[in-house]
Amino acid sequence: MSPSPPIPHRLKPEDLVALRERYRLERDRRIRPDGTSQYRRAAGDFGYYAKDPYTERADRDPKTDRVEAVVIGGGFGGLLTGAKLRQAGVQQIRMIDEGGDFGGTWYWNRYPGIHCDIEATIYMPLLEEVGYVPKWRYAPGEEIRQHCIAIAKRFDLYADTLFHTRVTGLTWDEENAEWQVTSDRGDDFRARYVVISSGTLTQPKLPGIPGIEDFQGHTFHTSRWDYGYTGGDQTGGLTGLAGKKVAVVGTGATGIQVIPHLAEAAERLYVFQRTPSTVDVRDNRPTDQSVLDSVRPGWQQERMQNFLLNVTGAWADEDLIGDRWTSTAKLQRQMLTGSVDSNITDEERDHLDELADFRKMDEIRERIDAIVTDKAVAETLKPWYRYMCKRPTFSDLYLQTFNRPNVTLVDTADHGGITRMTATGVVVGDTEYEVDCVIFATGFEVGISGVLSGTLPVTGRGGMPLLGHWARGPRTLHGFYSHGFPNLFHLGSLQNAAAVNFVHVLQEQATHIAAVVGEAGKRGARWIEPTAEAEEEWAGIIFQTAPKTFAFQTECTPGYYNGEGQPRPVMFSYGPGPVAFHELLREWRADSIDTVLR
Ligand code: NDP
């Protein structure tokens, strides 16, 4: 077990007032009234930002047949569902994806420096089934993408695949108890079951910057990296940028990994930052011998569950992963139980969660001071919000980049981001930065499958549109299915579970869906559908358990975790957390599965 980090400062409860005020000021500096509508889709006039640079689109005839199950999305959610449905005995599975192969976010994202910062042994699913042990503690993107392909091969998911295909409509046919599925490739076929797993981190988003279309230089989004322009590959060596002035917009988990490579190659790099990320120690290395020695039946599930218990503050008597995710959670847990400091006063005890949060954030801010030599730049890089307000990041290269003479950090927070773009550059306030190339590391539409954005219309029983049924917000049982929309399943965190290792959540979801479908098969049920009462009851539970998360999210700096500062409880996951939720699902499968079978 790793030792607790040293406690840098002792913050008194009375100091919390000033700290909260500092966090509030930073939040207000960043908040924008246009919330999530500040972004624009990489579609229409901006469709070239989303074009597939990796695989040629092949001609094919439209499908007009009938299959047992359709899975929309070929990322980890879809692959896990396909694999589990196969294990449950489903023969005809048609996988559909807008990309040219499996991988989802790992198909699209191939930028230099790409790695997963969650340990590969718990992030890359189905290792035992595929017979693979990751080479690195934090796997490079290409190793993960190849693993996606290996899963598809292992479970025979290539057999009936439609790539470069976007589903454009799902319509329930009551008489035949099946879905009519249409697509942008002219397909019009039937499926008994439909699983939608297309809502996570694939659709790039761009900031709605005035004048973005006027820029005459080169530009692309990090999830469609243009190696033809930059040269090099996912390990770096971007020789095409020699002599070029480059702007990168965004300092989230992607920006943090890309920026060191851009800085090495470009003549000048401007980093446009709005909110600084927390950047903790990375410490990547080849997979430990102790991990290799632990490989035996059940080893991956044991590690996944142990990580989940440790990072959610549940009880675990050991820490099998032992990285910065778990040590941070452990420090916070130790403070909350008083085992870090036995001299805490009663007053301090009332605020231990905030004090523990402060210690972590203080450690993150101290690391910046220790690495970045220019004091003003170091101050600009410091994050002022609570630890889980934004996705934490990890790097042993990023902060050092700001000591290079060819790198300029441009703080855009006071302007709500970049002010505008011109034919030749990027403007913040009154200052224009002339550049040859602008790279957008501005993220994705998160948790918004086509169902919620309206690009995938779903029509259920009696011609009811799903968005009509959800007019007052999504209504589901356990996030999976809705009354009036039989045999249709959703994957994602909405009214379900969320966790740092989201692949673990997807695995539980796929297991659940396959169990319900398998049971329907055994009992000869024609359709799977929750009652209106069960759906209503679940919505009530989501609301009842939301207040703590809602209060936390409302005070957070804006980002996609909190709907850009406008959190909506109806979009939340189950308040007591993923460990409790997975237990609830297990019990439900044992006791109540018949309530959704007709
Ligand atoms: P994010 O949404 O996290 O970050 C987008 C960045 O763009 C933010 O820094 C944002 O600033 C900035 N931005 C947006 N609009 C503007 C604007 N108008 N002007 C200036 N800056 C702007 O996207 P990422 O691609 O970095 O990450 C998305 C997710 O992908 C992560 O949260 C993570 O879940 C996943 N990921 C995981 C990795 C891993 O290792 N496991 C690696 C990479 C990504 P602001 O913060 O102020 O909104």
Side-chain angles (χ1 to χ4, degrees), residues 26-27 29-32 34-40 75-76 104-106 108-111 113-120 122-124 136-141 144 200-212 221-225 247-259 270-280 282 284 325 381 383 385 388-395 398 409-421 426-428 438-447 493 498-503 556-565:
E26 292 290 334
R27 174 185 181 280
R29 192 161 85 99
R30 240 300 266 114
I31 201 127
R32 290 171 49 137
D34 50 358
T36 49
S37 56
Q38 68 181 279
Y39 295 102
R40 59 175 61 173
F76 277 138
T105 196
W106 299 101
W108 293 114
N109 285 282
R110 305 189 193 190
Y111 56 79
I114 182 167
H115 279 74
C116 182
D117 55 24
I118 294 166
E119 197 186 87
I122 57 171
Y123 182 80
M124 292 166 66
W136 286 87
R137 188 171 204 210
Y138 302 108
I144 303 174
T200 318
L201 301 179
T202 50
Q203 182 63 41
K205 65 178 164 51
L206 297 167
I209 302 171
I212 189 171
H221 188 275
T222 45
S223 66
R224 307 290 188 273
W225 196 270
V248 58
V249 184
T251 54
T254 301
I256 266 60
Q257 295 185 342
V258 162
I259 284 164
Y270 295 104
V271 177
F272 292 90
Q273 171 191 278
R274 193 164 62 176
T275 313
S277 284
T278 59
V279 187
D280 208 341
R282 168 73 168 274
N284 200 6
W325 288 107
L381 286 166
Y385 45 80
M388 282 307 288
C389 280
K390 280 202 171 274
R391 170 68 158 70
T393 76
F394 306 82
S395 174
Y398 176 72
L409 178 66
V410 184
D411 185 5
T412 71
D414 283 331
H415 307 276
I418 285 169
T419 308
R420 65 193 159 87
M421 284 173 70
V426 176
V427 180
V428 177
V438 178
I439 301 171
F440 288 102
T442 45
F444 307 89
E445 294 182 359
V446 181
S493 59
V500 161
N501 183 12
F502 196 60
V503 171
C556 273
T557 190
Y560 76 80
Y561 275 13
N562 67 351
E564 295 296 330

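Indexing begins at 1, ligand by ligand and atom by atom, following the structure's order.
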Exercise. After noting the C-alpha distance and the side-chain angles of F444 and Y560, does the key distance pass the ring pair (Phe, Tyr, Trp, His ring centres under 6.0 Å) rule?
Worked result: CA-CA 9 Å; F444 307 89; Y560 76 80; 9.1 Å; no
For this session: Run the contact test for K390 against ligand 1 with a 4.0 Å cut-off on heavy atoms, strictly below, and give the result.
Result: yes
Exercise. Under 4.0 Å from ligand 1, counting heavy atoms only, is it the side chain of Y138, its backbone, both or neither?
Worked result: neither
Exercise. Would you say V249 has any N or O atom under 3.5 Å from an N or O of ligand 1, going by distance alone?
Worked result: no
Exercise. Between the candidates T222, T412, T254, which shows the shortest non-hydrogen contact distance to atom 24 (P) of ligand 1?
Worked result: T254
Exercise. Heavy atoms only: which of P558, G250, S395 is nearest to atom 7 (O) of ligand 1?
Worked result: G250
Exercise. For ligand 1, does Y111 get within less than 4.0 Å through its side chain, its backbone, both, or neither, judged by non-hydrogen atoms?
Worked result: side chain
Seminar exercise, completed: atom 39 (C) of ligand 1: of V258, D117, V426, the nearest heavy atom sits on D117
Exercise. Side chains of E119 and Y138: do they bring a donor and an acceptor to under 3.5 Å?
Worked result: no
Problem set entry | Test item: H115 side-chain N/O and N284 main-chain N/O as donor-acceptor pair under 3.5 Å | no
Exercise. How far apart are the C-alpha atoms of T275 and R30, what are their side-chain angles, what is the distance that settles it, and do they pass the side-chain hydrogen bond (donor to acceptor under 3.5 Å, both in side chains) test?
Worked result: CA-CA 8 Å; T275 313; R30 240 300 266 114; 2.8 Å; yes
For this session: Check each atom of ligand 1 against the heavy atoms of R30 and keep those under 4.0 Å away; list them by number with element.
Result: 45 (P), 47 (O), 48 (O)
For this session: Could you tell me whether a side-chain N or O of E564 sits under 3.5 Å from a main-chain N or O of R32, the two making a donor and an acceptor?
Result: no
Problem set entry | Heavy-atom pair of closest approach, residues P383 and T278 | CG-CG2, 3.9 Å
For this session: Going by heavy-atom distance to atom 33 (C) of ligand 1, choose the closest among K205, R391, H221, R274.
Result: R391
For this session: Would you mind checking if R274 and D414 are paired as a salt bridge, meaning a charged N to carboxylate O distance below 4.0 Å?
Result: no
Problem set entry | Residue of the set Q38, M421, R40 for which side-chain contact (heavy atoms from CB on, under 4.5 Å) holds with I209 | M421
Exercise. Does H115 approach ligand 1 within less than 4.0 angstrom via side chain, backbone, both or neither, non-hydrogen atoms only?
Worked result: backbone
For this session: Could you list which atoms of ligand 1 come closer than 4.0 Å to a heavy atom of F444?
Result: 25 (O)
For this session: Indicate, as side chain, backbone, both or neither, the part of P207 found under 4.0 angstrom from ligand 1 when only non-hydrogen atoms are considered.
Result: side chain
For this session: Just say parallel, tilted or perpendicular for the rings of Y123 and W106, cut-offs at 30° and 60°.
Result: perpendicular
Exercise. For atom CZ of R420, is the number of surrounding heavy atoms from other residues, nucleotides or ligands below 6.0 Å larger than 12?
Worked result: no
For this session: Indicate, as side chain, backbone, both or neither, the part of A441 found under 4.0 angstrom from ligand 1 when only non-hydrogen atoms are considered.
Result: backbone
For this session: Give yes if a backbone or side-chain nitrogen or oxygen of Q38 is under 3.5 Å from a nitrogen or oxygen of ligand 1, and no if not.
Result: no
Exercise. Just distances here: any N/O of R32 and N/O of ligand 1 closer than 3.5 Å?
Worked result: no
For this session: Determine whether any heavy atom of Y39 lies closer than 4.0 Å to an atom of ligand 1.
Result: yes
Exercise. Does a side-chain N-to-carboxylate-O contact under 4.0 Å join R137 and D117?
Worked result: no
Problem set entry | Distance-only N or O hit between ligand 1 and I418, under 3.5 Å | yes
